[in-house]
Number of protein chains: 2
Amino acid sequence: MTPQPGSAGDVLTLISAGSATTRSDLARLTGLARSTISQRVDALIERGLIEETESGESTGGRPPRQLRLQTEDHAFAGVDLGATHCRIALMDISGSVLAECEDSLLIGEGPETVLAHVDQRIDHLLAQVGRPRKALRALGMGVPGPVEFATGRPNNPPIMPGWNDYPVPEYFEGVEVLVDNDVNVMALGEHRGAFPEAAHLLFVKVGTGIGCGIMAEGRLHRGAQGSAGDIGHIRVSGHDNAGCRCGNSACLEAVAGGAAIARRLTELGLPAESGGDVVELVQAGNTQALRLVREAGRLIGEVLASLVNFFNPEVIVIGGALSRVHEHLLAGIRETVYRRSLPLATNHLTITPSRTGINAATLGAGILAIEHYLSPENINRIVNA
Amino acid sequence: MTPQPGSAGDVLTLISAGSATTRSDLARLTGLARSTISQRVDALIERGLIEETESGESTGGRPPRQLRLQTEDHAFAGVDLGATHCRIALMDISGSVLAECEDSLLIGEGPETVLAHVDQRIDHLLAQVGRPRKALRALGMGVPGPVEFATGRPNNPPIMPGWNDYPVPEYFEGVEVLVDNDVNVMALGEHRGAFPEAAHLLFVKVGTGIGCGIMAEGRLHRGAQGSAGDIGHIRVSGHDNAGCRCGNSACLEAVAGGAAIARRLTELGLPAESGGDVVELVQAGNTQALRLVREAGRLIGEVLASLVNFFNPEVIVIGGALSRVHEHLLAGIRETVYRRSLPLATNHLTITPSRTGINAATLGAGILAIEHYLSPENINRIVNA
DNA sequence: GAACTTCCGCCGAAGATCGAACAAACCTCT
DNA sequence: AGAGGTTTGTTCGATCTTCGGCGGAAGTTC
């Protein structure tokens with residue numbers, strides 16, 4: 001519902017997006033009178049949401065006072081939970097990372113154990129940067145399985161025993177908690193961090209399994225049941241004898257995932273257990289491993305070619321453990337996508353390795369939290385309180 | 001940008017969506033004072049956008065005066081251009097069809113000829129229902145090829161010679177014109193007409209070729225180059241010898257489109273030229289034709305299974321010429337989708353023939369025009385003028 | 001340093017919204 | 001039938017918001 005743009009929340013949105021840095025900018029962009037803008041800005045400053053910095057460049061007259069987010073008083077946490085790790089980044093409201101940490105942590109230990117660990121680590125990070133617990137405004141979390149985003153409850157996650165339907169947000173008191181699938185937060189992190197201008201983006205994570213986060217019109221597409229992006233179980237042709245843990249055969253994940261490549265290397269007499277081992281073999285120059293990675297790229301490319309025709313993204317980002325040998329993976333992917341997709345869809349298509357790399361998930365999770373906090377509705381609520 | 005909801009445009013949106021039919025409803029939904037609502041309503045009535053009807057049901061007190069869209073003063077046109085036909089529906093602002101017509105018309109005649117025909121037919125329809133030309137507020141059009149939606153110019157359409165980059169909207173003076181791909185308007189028509197509650201919907205058109213319109217969060221997803229939904233050239237496994245007009249082989253369209261089925265029937269000694277002939281053979285009970293249609297359904301289902309995993313829609317609608325034998329097509333599609341997609345995504349998935357049928361495109365095109373006209377920004381502009 | 005430009009706060013005027021009061025229209029119960 | 005209750009819609013002054021002009025502040029240009 002949108003009359004004229006002009007609430008305090010809208011003003012803050014313009015500032016946080018970098019569209020406006022001065023009162024004049026705001027007046028021009030919103031169409032409101034300068035005096036009205038000043039009043040909005042005063043309110044935001046009073047609430048500690050923005051601050052004035054030293055005067056900026058003059059354009060021939062009095063130099064404008066610059067406005068920016070006030071980065072001292074708040075904190076946000078981005079949590080990346082994997083099957084065997086936990087990464088946390090503490091951020092200020094502008095998205096800058098203040099502190100981070102990484103541990104080994106088995107998600108199979110169950111929610112109580114894992115969340116207690118997360119909680120304690122966040123306290124530790126807060127202490128490290130000297131901000132009180134109550135500075136923590138919101139917390140974003142990516143988990144390796146499907147989640148009902150609205151409630152923050154994992155939805156029959158295959159590799160998260162004990163987590164099914166667990167009300168994660170309720171574990172943390174006094175903080176808003178947003179839980180999402182790990183690939184979704186990675187897509188968000190990569191979009192905001194590297195391709196903010198891209199209207200439609202796919203983030204493909206190639207690790208043990210294969211998944212995909214979907215950004216449509218700058219927002220995450222989660223699908224009807226929150227299971228969108230589950231491309232690991234799309235069928236690829238010519239591999240009907242490759243059984244998958246999902247019960248079907250010829251799933252992409254079962255032929256091109258890190259685990260699948262490792263298994264095939266083992267069969268060839270090159271012991272490998274995980275995607276990490278595959279990466280090591282490739283980096284050591286092993287031609288068998290290299291060939292298999294490139295072949296995996298072709299298979300992933302086959303699936304992506306379909307999705308490019310269907311979804312017409314602007315950017316496809318390749319991330320996950322196997323992207324550490326992305327030159328070989330990307331070669332196969334590009335080769336197939338550009339051969340099998342329609343020219344109109346590939347003309348302006350960029351296929352690229354992740355720029356945010358290992359940090360995609362923590363950044364994305366933190367951004368999920370920050371954007372939730374900075375939503376115009378929430379800001380208006382705060383300012384009018 | 002959204003402070004508190006409350007502009008005249010927002011009020012009208014609530015009325016046209018059916019969320020509110022009385023002033024009290026509006027006050028409750030917007031949070032504005034009753035007196036303010038009355039003022040908004042007065043303005044909308046004065047502009048001829050809404051009208052009062054006789055009093056409604058009392059709930060124990062004074063019965064409320066019902067409000068509804070004023071359907072007398074405006075007209076909107078929905079135009080469905082196919083390769084060989086032109087269908088037009090004239091609608092009032094509520095989306096009710098006032099009059100319609102259908103002709104044979106070769107799109108290959110070029111834009112001037114075709115648009116002159118459309119223009120003349122619209123005049124005729126307007127005369128038929130006794131509304132002046134100036135009542136025509138907006139015009140939506142679906143064409144059989146890719147379109148740059150923002151400008152209304154066809155983008156290298158393969159079966160529309162002479163139309164490339166032609167500025168369609170400029171042909172019509174004094175009317176807002178919105179041009180989109182035919183499958184997109186069909187998806188819109190089916191969504192609004194039959195599944196307004198579905199958050200994510202795919203409309204699959206199976207005719208001579210195969211295409212797909214995508215509704216995401218109730219809005220059309222057009223993709224970065226406006227080519228989203230082009231699923232006709234997705235590869236299907238096991239048909240590498242089937243060449244396609246696009247230059248690749250094993251395209252879905254080349255093995256499961258109406259033209260492809262007709263060709264295979266001809267090879268089997270059953271002369272068939274088009275999808276229409278295939279439909280006739282099936283309806284006549286020919287088992288070969290029936291078998292091929294069902295097999296085509298399986299192939300389409302294979303592609304849709306991938307897209308279900310990726311996109312996680314709530315509803316898949318099957319339309320187009322071949323959907324006239326939808327029981328056989330759907331059997332093949334359902335069989336494959338439910339076998340190959342993940343349970344989480346198929347649990348609440350509905351796969352159904354089109355309910356709006358032959359009218360999907362004209363309805364959708366008209367709705368495109370109406371929704372453009374009823375957008376809060378446009379209404380605010382009208383009311384404040 | 002004079003003239004010009006841009007920025008920003010102040011303040012009265014103009015406008016929008018609210019809410020109380022009242023009238024209208026119906027229901028229910030006696 | 002009439003009294004009393006309920007919901008709806010309008011009117012009107014009070015209040016709050018926004019606007020826009022003015023003047024001072026703080027630069028640049030000539």
Side-chain angles (χ1 to χ4, degrees), chain A residues 1-12 14-15 19-47 50-68 376 379-385, chain B residues 1-12 14-15 19-47 50-68 376 379-385:
Chain A
M1 304 285 175
T2 139
Q4 307 87 288
S7 70
D10 295 328
V11 167
L12 185 54
L14 290 168
I15 295 172
S19 314
T21 58
T22 70
R23 290 172 174 78
S24 307
D25 287 348
L26 290 166
R28 193 162 19 79
L29 288 168
T30 61
L32 273 70
R34 288 173 301 279
S35 47
T36 308
I37 289 295
S38 273
Q39 182 191 302
R40 293 282 143 75
V41 167
D42 288 346
L44 289 170
I45 290 177
E46 196 178 343
R47 297 283 169 175
I50 61 175
E51 62 186 2
E52 282 186 341
T53 68
E54 288 312 299
S55 294
E57 293 286 290
S58 164
T59 57
R62 171 174 170 173
R65 276 182 272 170
Q66 303 286 119
L67 303 170
R68 67 171 179 203
I379 293 299
N380 287 340
R381 204 177 47 72
I382 292 172
V383 171
N384 299 329
Chain B
M1 304 278 175
T2 136
Q4 310 85 285
S7 71
D10 294 327
V11 167
L12 186 54
L14 290 169
I15 294 172
S19 315
T21 59
T22 70
R23 290 170 174 80
S24 307
D25 286 348
L26 290 166
R28 193 162 18 81
L29 288 169
T30 61
L32 274 70
R34 288 206 309 280
S35 49
T36 309
I37 289 296
S38 271
Q39 182 191 303
R40 293 282 143 74
V41 167
D42 288 347
L44 289 170
I45 290 176
E46 196 178 344
R47 296 284 169 175
I50 61 174
E51 62 186 3
E52 281 187 340
T53 68
E54 289 311 300
S55 295
E57 293 286 293
S58 163
T59 57
R62 172 175 172 171
R65 275 185 271 171
Q66 302 285 119
L67 302 170
R68 67 172 178 202
I379 294 299
N380 288 339
R381 203 178 47 72
I382 292 172
V383 171
N384 299 329

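Nothing here was measured: the structure is a model prediction, and the numbers come from that model. By convention in this document, chain letters (A, B, ...) are assigned in the order of the sequence lines, proteins followed by strands, and residues within each chain are numbered from 1.
Distance B:E57 CD to C:dC26 P: 11 Å, rounded to the nearest Å. For A:N380 and D:dT17, the CG to P distance is 13 Å, given to the nearest whole Å. Between A:R28 atom CZ and C:dC8 atom P the separation is 12 Å, expressed in whole Å. As rounded to whole Å, 14 Å separates atom C1' of D:dG20 from atom CD1 of A:I37. Note: CD (A:Q39) to P (C:dC10) measures 12 Å, nearest angstrom. Atom CZ in B:R34 sits about 10 Å away from atom P in C:dA20, given to the nearest Å. For the pair A:L67 CG and C:dC7 P, the computed distance is 12 Å after rounding to whole Å. When rounded to the nearest whole Å, the span between CZ of B:R23 and C1' of C:dG19 equals 18 Å.
Judged by closest nucleotide on DNA chain C, A:E52 is the one of A:E52 and B:S58 placed further toward the 5' end. Each of A:T59 and A:R40 was matched to the nucleotide of DNA chain D holding its nearest heavy atom; the match closer to the 5' end belongs to A:R40.
In the set D:dG27, D:dC19, C:dA16, D:dC19 carries the atom at the smallest distance from any side-chain atom of A:L32. Of the listed nucleotides (C:dT17, D:dT18, D:dT10), D:dT10 has the atom at the smallest distance from the side chain of B:R65. For A:R62, the listed nucleotide lying nearest its side chain is C:dC7; candidates were D:dT28, C:dC7, D:dT18. The side chain of B:S24 approaches D:dG9 more closely than any other nucleotide in the set D:dG9, C:dT17, C:dC8.
One N or O donor and one acceptor, one from the side chain of B:S35 and one from the base of C:dG19, sit under 3.5 Å apart.
Remark: B:L14 CG to B:T30 OG1 distance equals 7.5 Å, nearest 0.5 Å. Put simply, CZ on A:R28 and CZ on A:R23 are 14.5 Å apart, with the number rounded to the nearest 0.5 Å.
Just one residue in the list B:V11, B:L32, B:T21 forms a side-chain contact (heavy atoms from CB on, under 4.5 Å) with B:L26, and that residue is B:V11.
Nearest heavy-atom pair, B:N380 versus B:A8, reported as atom, atom and distance to 0.1 Å: OD1-N, 3.5 Å. Smallest separation of non-hydrogen atoms from B:S19 and B:L29: O-CD1, 3.5 Å.
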